[in-house]
A.B. asks: 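Encoded as structure tokens, here's the structure I'll be asking about.
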Amino acid sequence: MDNETTKNFIETIIDEDNEKNTYGKRVHTRFPPEPNGYLHIGHAKSICLNFGIAKKYGGITNLRFDDTNPSKENTEYVESIKRDVKWLGFDWDDRMFYASDYFDRLYEYAKKLIRLGKAYVDDLSSDEIREYRGTFNTPGKESPYRNRSVEENLQLFEDMKAGKFADGEKVLRAKIDMASPNLNMRDPVLYRIVHASHHRIGDKWCIYPMYDFAHPVSDAIERITHSICTLEFEAHRPLYNWVLEDWDDPEGQKPRQIEFARLNVTNMITSKRKLRLLVEKGIVSGWDDPRMPTVSGIRRRGYTPESIRDFCERIGVAKADSMVDISLLEYCIREDLKMKAPRLMTVIDPIKVVLTNYPDGKTETMTADNNQENEAMGTREMTFSKNLYIERNDFMEEPVKKFFRLAPGKEVRLKYAYIIKCEEVIKDEDGNIVELHCTYDPESKSGSGANANRKVKGTLHWVNAEDAVDVETRVYDYLLKDDGSEEEGESKDFLDQINPHSLDVYHSKAEKALATYHVGDKFQ
Ligand code: ATP
Ligand code: MG
């Protein structure tokens with residue numbers, strides 16, 4: 001997509017608002033995670049969108065923790081979220097907030113709604129509320145407590161706050177319309193009683209605002225202009241607007257909810273609930289396991305922030321749900337590393353090669369490009385000797401058709417070095433191949449030998465056995481066997497889709513230059 005000339009639909013909305021001067025040309029967005037898990041690739045999309053769009057318009061973005069559900073939230077999640085947003089390259093400056101910062105104001109605003117006759121305390125149980133709500137085809141039924149006086153409601157609401165009732169005994173509900181075709185408008189619950197300790201504010205409150213109440217009010221308090229959320233909230237938008245009808249903004253500006261399609265990626269799970277299950281069941285080593293689609297997982301896997309931002313830019317912003325192929329994400333990291341990552345040689349699953357006609361004790365120095373596509377990255381030296389390692393699957397005793405790597409009697413070039421020929425396969429008593437005895441063509445040295453340009457079909461990577469460093473290689477495959485799509489109404493259990501071979505560990509040999517790098521460095 002050409003982003004210079006093609007605007008996404010959210011930018012079009014902002015342009016219109018700027019033209020009409022709805023917000024005095026302000027653009028103020030927020031990223032509102034609930035601290036009940038680690039951020040995943042879908043959140044990264046939302047972060048790039050919220051921070052990216054504000055930046056484009058010279059606006060600002062808040063980080064706001066939507067911490068209205070004390071039993072599921074904790075500070076470990078808060079810290080991980082801050083780390084991940086920063087790592088992605090975005091900055092909230094001094095604008096980090098918590099919905100719990102606003103509990104006093106939310107409470108006052110709820111009382112205002114009660115005074116206006118727009119909210120009431122209900123004694124129905126949650127089951128009864130559900131039953132009274134009706135269905136898509138049948139209207140709801142009004143609660144017998146719906147017409148309590150303002151005074152009684154105020155008193156009961158205060159008593160709720162004072163802890164006089166047990167969980168579920170009472171709720172505060174909006175008084176809207178039990179016959180509304182939109183079920184979200186059938187007197188939704190605004191406050192519930194939860195006797196649980198909150199990770200930040202402890203036991204100060206035992207009533208907690210519902211998302212549909214806390215979210216618009218938090219947006220309004222922060223004077224957000226464009227409140228971007230995912231499509232499943234589309235039917236909540238009338239409620240979002242209803243909640244803010246009586247909100248006093250100093251300039252009469254009210255935030256506007258805009259929905260976009262959530263990001264789904266093949267072979268990736270984008271549900272915190274499911275990701276938590278993987279962690280709790282020990283299927284992965286933690287939220288930051290490199291197989292996880294979490295921001296911290298893909299970071300450990302070697303993804304760069306640039307590659308994630310590029311990915312989010314390429315997929316754009318859609319109004320209809322869709323599935324993005326994971327290969328696009330992989331393409332983005334390859335593109336990003338292509339010019340900047342050194343390419344060192346590591347033999348993942350090594351097999352020994354002995355060059356029988358190479359002098360004992362001799363070594364030579366070969367010059368290797370650090371990155372064939374980027375000369376500016378320079379070269380390095382690799383030592384070459386009689387004893388080498390190559391990749392086990394670069395050899396086939398009985399080569400299949402079109403196998404151009406090493407086989408008995410066949411020749412290959414060792415990259416930056418000589419052409420070798422396999423003369424003999426050495427096996428142990430169980431028939432396992434333990435060594436390959438080869439000869440080399442002394443005239444074939446890359447760059448300088450008389451046969452330097454002699455053509456052979458295969459070129460292999462290798463390391464020198466005498467100075468190779470031992471490394472453990474963890475080869476990760478997809479955590480989900482198939483595309484793991486999470487389409488609505490999906491019935492298959494995602495735990496059945498877990499790939500049992502998502503992690504294979506090898507004892508590998510790397511060229512000695514690897515030892516000069518650090519944990520977290522990236523290679524291709
Ligand atoms: P989950 O379904 O994984 O629990 P969530 O929406 O409940 O996700 P929040 O912490 O509430 O998690 O999400 C914070 C923000 O990230 C929200 O604005 C939400 O719309 C957005 N978001 C979450 N998942 C995705 C996704 N897959 N694609 C795009 N945006 C997402
Ligand atoms: Mg949410």
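Below, each value reflects all heavy atoms present in this structure, side chains not excepted, and no hydrogens, waters or symmetry copies. Just follow the structure's listing: the first ligand is 1, and inside any ligand the first atom is 1.
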A.B. asks: Give a yes/no verdict on whether any heavy atom in F260 is under 4.0 Å from an atom of ligand 1.
C.D. replies: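 Checking ligand 1 against F260, which is what was asked, there is a heavy-atom contact under 4.0 Å.
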A.B. asks: Taking heavy atoms and a distance under 4.0 Å, where does F31 meet ligand 1: side chain, backbone, both or neither?
C.D. replies: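 The part of F31 near ligand 1 is the side chain, not the backbone.
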A.B. asks: Check whether any N or O atom of E34, backbone or side chain, sits under 3.5 Å from an N or O atom of ligand 1, and answer yes or no.
C.D. replies: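 The answer is yes, given that E34 and ligand 1 share an N or O pair closer than 3.5 Å.
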A.B. asks: Would the Y211 and F233 ring centres measure less than 6.0 Å apart?
C.D. replies: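 Yes, the ring of Y211 comes within the 6.0 Å limit of the ring of F233, centre to centre.
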A.B. asks: S271 heavy atoms, cut-off 4.0 Å: which ligand 1 atoms fall inside?
C.D. replies: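 Atoms satisfying the 4.0 Å criterion: 3 (O).
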A.B. asks: Of the backbone atoms (N, CA, C, O) and the side-chain heavy atoms from C-beta on, which set of R273 has a member under 4.0 Å from an atom of ligand 1: side chain, backbone, both, or neither?
C.D. replies: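 No part of R273 comes within reach of ligand 1.
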A.B. asks: Do the side chains of D248 and K112 get close enough for a salt bridge, i.e. N-O under 4.0 angstrom?
C.D. replies: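 Yes, this pair counts.
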A.B. asks: Got an N/O contact under 3.5 Å between G42 and ligand 1?
C.D. replies: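 So ligand 1 has an N or O lying under 3.5 Å from an N or O of G42.
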A.B. asks: I'd like to know if E222 and R30 make a salt bridge, using a cut-off of under 4.0 Å between side-chain N and carboxylate O.
C.D. replies: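 Salt bridge between E222 and R30, a charged N being under 4.0 Å from a carboxylate O: no.
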A.B. asks: If the threshold is 4.0 Å, N to carboxylate O, is there a salt bridge linking E34 and K272?
C.D. replies: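 Looking at K272 together with E34, the answer is no, because their closest N to O distance does not fall below 4.0 Å.
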A.B. asks: Between E73 and R200, does any NZ, NE, NH1 or NH2 come within less than 4.0 Å of an OD or OE carboxylate oxygen?
C.D. replies: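 Salt bridge absent between R200 and E73.
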A.B. asks: Closer than 4.0 angstrom, basic N to acidic O: yes or no for D249 and K254?
C.D. replies: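 Salt bridge between D249 and K254, a charged N being under 4.0 Å from a carboxylate O: no.
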A.B. asks: Going by the order shown, which atoms of ligand 1 are within less than 4.0 Å of some heavy atom of H40?
C.D. replies: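 Matching atoms, with element in brackets: 3 (O), 24 (N).
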A.B. asks: Can you find an N/O atom of N36 closer than 3.5 Å to an N/O atom of ligand 1?
C.D. replies: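 No, N36 has no N/O under 3.5 Å of an N/O on ligand 1.
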A.B. asks: With atoms numbered from 1 as shown, which atoms in ligand 1 lie under 4.0 angstrom from a non-hydrogen atom of T230?
C.D. replies: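 The list of qualifying atoms is 20 (O), 29 (C), 30 (N), 31 (C).
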A.B. asks: Hey, which atoms in ligand 1 end up nearer than 4.0 Å to a heavy atom of R262?
C.D. replies: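 Heavy-atom distances to R262 below 4.0 Å select 2 (O), 24 (N), 25 (C), 26 (C), 27 (N), 28 (N), 29 (C).
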A.B. asks: Measure from the ring center of F51 to the ring center of F31 and say whether it is less than 6.0 Å.
C.D. replies: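 No, the ring centres sit 6.0 Å or more apart.
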A.B. asks: Please confirm whether the ring centroid of F103 lies under 6.0 Å from the ring centroid of Y208.
C.D. replies: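 Close enough - the centres of the two rings lie under 6.0 Å apart.
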A.B. asks: Within a distance under 4.0 Å of any heavy atom of K272, pick out the atoms of ligand 1 and give their elements.
C.D. replies: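 Here the atoms of ligand 1 in question are 1 (P), 3 (O), 4 (O), 8 (O), 9 (P), 10 (O), 12 (O).
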